[in-house]
Amino acid sequence: MNARSTTTWIALLAAALLLPGCQPAGNQSGGEIVVGEYASLTGKEATFGISSHEGTLLAITELNAAGGLLGKKLRLQTEDTQSKAGESATVVNKLIARDGAIAILGEVASSRSLEAAPICQQAGIPMISPSSTNPKVTETGDFIFRVCFIDPFQGTVMANFARKTLKAKRVAIFTDVKSDYSKGLAKFFKEGFLKEAGYEIAVELDFNGGDKDFKAQLTAIKGAKPDAVFAPCYYTDAALICIQARQLALNVPFFGGDGWESDLLMKIGGESVEGHYFSTHYSPDADGGKGKEFVEAYKKAYNGKLPDAMAALGYDSAMILADAVKRGGSTEPQKLRAALADTQNYDAVTGRITINPSRDATKSAVILQVKDGKFKFIETITP
Ligand code: PHE
């Protein structure tokens, strides 16, 4: 066979696998259960996808070591969204049509979860986002779940933090208009901050995720004389924003949400991110319990690396799925959906998980500060 006809054959085979009714039988009737995962393994938010994947894979490995589910082994099929718009829909279609995944785990970023959720909902395949916090994600429909808190809570937490800990009266807000997460969190923060009299928003400005030059907006922010700046964006942008703020001698505290959490925040931002704060879902330094075992297992699996929030939530998303398969005794989509919706008081690494009627989890948040190039645990805030 020459190269050309090989390519044609591969194309035909791929097309056949995508046709309904032509799915590989491995998923339900064969010897394995396929779990689909989509994550940003490369690109601008690569550390999100890598961490989340590592946590998810650890859970699948542990489940298989304990005998799998319903007498079958699990296979995690992971697809890279490349941190790009448009990829999530493509890869999730593949995971459902080509691989026959019983459920889809992902994504971290809300905009990408929002892209794939309608596909899962339409196909009637449960999706569990480990860590997307925009409320709209689970509003997509009754097949869409998450194992984390949502941004109305996170926004309130940071509004209280700004008032009580930072003692800020006037806060500037700097939003990434390309991100549903950023827009939502900015809005919820603002509502929370203005709830008490005597507090005001000094100025609201925006940028496009991926921009490199923030000087014009930061100059305007400096001119508005805020006591602090809330920048609910992702780590790459956050680091550059902090660097340029220092260059402009805009020396007030900056703070963000879970999107800041990455080692790259410090690697890119260096000195400029020192002392700044953000909220997130989990800290290996918070409290003991089940968290300890997870930290040890994760370090063992990944060369001593400490798990972050995405790793812990990725792990929890797979464990919540496994728990639902066990309780419902089935991987059949409707039964699995019902069992997921019934999740109550599951003892997870990131806290107790009860899936509420909106298919979200009510959980506490933690606040971290960048201190000496590391994340320092400041406090836990319960809902
Ligand atoms: N919550 C963010 C979003 O919805 C993603 C995120 C979760 C980032 C956890 C870091 C840690 O887009």
Side-chain angles (χ1 to χ4, degrees), residues 37 39 47-66 76 105-106 108 128-133 145-150 153-154 157-158 161 235 257-263 265-266 277-324 326 340 343-356 360-372 374-383:
E37 182 197 23
T47 69
F48 287 174
I50 292 168
S51 285
S52 190
H53 171 65
E54 286 175 350
T56 307
L57 184 62
L58 178 62
I60 300 286
T61 308
E62 287 180 4
L63 288 162
N64 278 336
L76 183 67
L105 305 177
V108 172
I128 309 172
S129 168
S131 45
S132 287
T133 45
F145 298 85
R146 81 180 105 215
V147 295
C148 58
F149 56 64
I150 57 174
F153 171 65
Q154 183 165 218
V157 165
M158 288 324 267
F161 174 79
Y235 59 90
D258 51 355
W260 278 36
E261 190 173 354
S262 170
D263 279 355
L265 182 75
M266 284 81 84
Y277 301 89
F278 63 94
S279 50
T280 187
H281 307 257
Y282 163 86
S283 162
D285 306 328
D287 30 23
K290 195 163 181 183
K292 250 212 149 83
E293 278 167 48
F294 167 70
V295 173
E296 288 317 313
Y298 188 90
K299 276 167 63 182
K300 203 166 155 219
Y302 302 108
N303 294 319
K305 183 174 165 188
L306 274 175
D308 57 14
M310 289 126 296
L313 288 167
Y315 181 89
D316 284 349
S317 69
M319 287 303 191
I320 287 283
L321 171 65
D323 176 64
K326 278 188 233 162
L340 279 168
T343 303
Q344 267 166 45
N345 256 313
Y346 179 87
D347 189 14
V349 165
T350 55
R352 296 230 160 235
I353 296 179
T354 293
I355 298 294
N356 67 26
D360 305 321
T362 309
K363 316 243 299 282
S364 42
V366 298
I367 294 182
L368 307 182
Q369 181 182 29
V370 183
K371 201 82 214 268
D372 305 320
K374 292 206 188 81
F375 294 144
K376 184 175 162 217
F377 171 69
I378 302 289
E379 56 184 326
T380 299
I381 317 269
T382 44

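By convention here, the first residue in the shown sequence is residue 1. Given the structure is predicted, the values throughout are model-derived calculations rather than measurements.
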Worksheet item: For the atom pair CG (N356) and CZ (R146), what is the distance rounded to the nearest 0.5 Å?
Response: 9.0 Å
Discussion item. Could you tell me if the side chain of L313 sits less than 4.5 Å from the side chain of V147, heavy atoms only?
Written reply: yes
Discussion item. Holding to side-chain contact (heavy atoms from CB on, under 4.5 Å), I want the full list of residues that pass it with A361, two or more places apart in sequence or in another chain.
Written reply: I353, K363
Worksheet entry | Verdict with reasoning, T354 to Y346, per side chain to side chain contact (heavy atoms under 4.5 Å, CB included) | CA-CA 7 Å; T354 293; Y346 179 87; over 6 Å; no
Practice prompt. Measure the spacing between OG of S283 and NZ of K376 and express it to the nearest 0.5 Å.
Written response: 12.0 Å
Worksheet entry | 4.5 Å side-chain heavy-atom contact, I367 and M158 | yes
Item to complete: Taking all heavy atoms of I128 and all of S317, pick out the closest pair and write down the distance.
Response: CD1-O, 3.9 Å
Fill in: Side chain proximity check, T350 to C148, heavy atoms < 4.5 angstrom
no
Worksheet item: Atom CD1 in I378, atom CZ in F161: separation rounded to 0.5 Å?
Response: 7.0 Å
Fill in: Other residues, nucleotides, ligands: >12 heavy atoms within 6.0 Å of K374 NZ
no
Worksheet item: Residues two or more places apart in sequence or in another chain: which of them pass side-chain contact (heavy atoms from CB on, under 4.5 Å) with A309?
Response: E261, T280, H281, Y282
Discussion item. Taking A311's backbone N and O only, do any of them form a donor-acceptor pair with S52's side chain (distance below 3.5 Å, no angle check)?
Written reply: no
Worksheet entry | Nearest-0.5 Å distance, CG of residue L306 to CG of residue D285 | 7.5 Å
Practice prompt. Name all residues meeting the side-chain contact (heavy atoms from CB on, under 4.5 Å) criterion together with A318; count only those two or more places apart in sequence or in a different chain, and write none if there are none.
Written response: T56, A59, I60, L105
Worksheet entry | Close side-chain approach of L58 and E62, heavy atoms under 4.5 Å | yes
Worksheet entry | side chain to side chain contact (heavy atoms under 4.5 Å, CB included) assessment of D258 paired with M310 | CA-CA 9 Å; D258 51 355; M310 289 126 296; over 6 Å; no
Discussion item. List the residues meeting side-chain contact (heavy atoms from CB on, under 4.5 Å) with T61, not counting sequence neighbours, and say none if there are none.
Written reply: L57
Practice prompt. State the OH-CG distance between Y235 and D263, to the nearest 0.5 angstrom.
Written response: 10.0 Å
Discussion item. If I compare all heavy atoms of I381 with all of S364, which pair ends up nearest, and what's the gap?
Written reply: O-CB, 3.0 Å
Practice prompt. Would you indicate whether the side-chain heavy atoms of F375 and D308 approach each other to under 4.5 Å?
Written response: no
Worksheet item: Could you state the interatomic distance from NZ (K371) to CE (M266), rounded to the nearest 0.5 Å?
Response: 13.5 Å
Check residues 294-302 and write down every donor-acceptor pair under 3.5 Å in which the side-chain atom is one partner and the other belongs to a residue at least two apart or another chain.
from : atom 1 : to  : atom 2 : distance (Å)
Y298 : OH     : E54 : OE1    : 2.5
Y302 : OH     : E54 : O      : 2.7

Fill in: Heavy-atom donor-acceptor pair, R352 side chain to N345 backbone, under 3.5 Å
yes
Worksheet item: Quick one: ring pair (Phe, Tyr, Trp, His ring centres under 6.0 Å) partners of F153, sequence neighbours excluded?
Response: F149
Practice prompt. Kindly say whether T133 contributes a backbone atom to a donor-acceptor pair with the side chain of Q154 at under 3.5 angstrom?
Written response: no
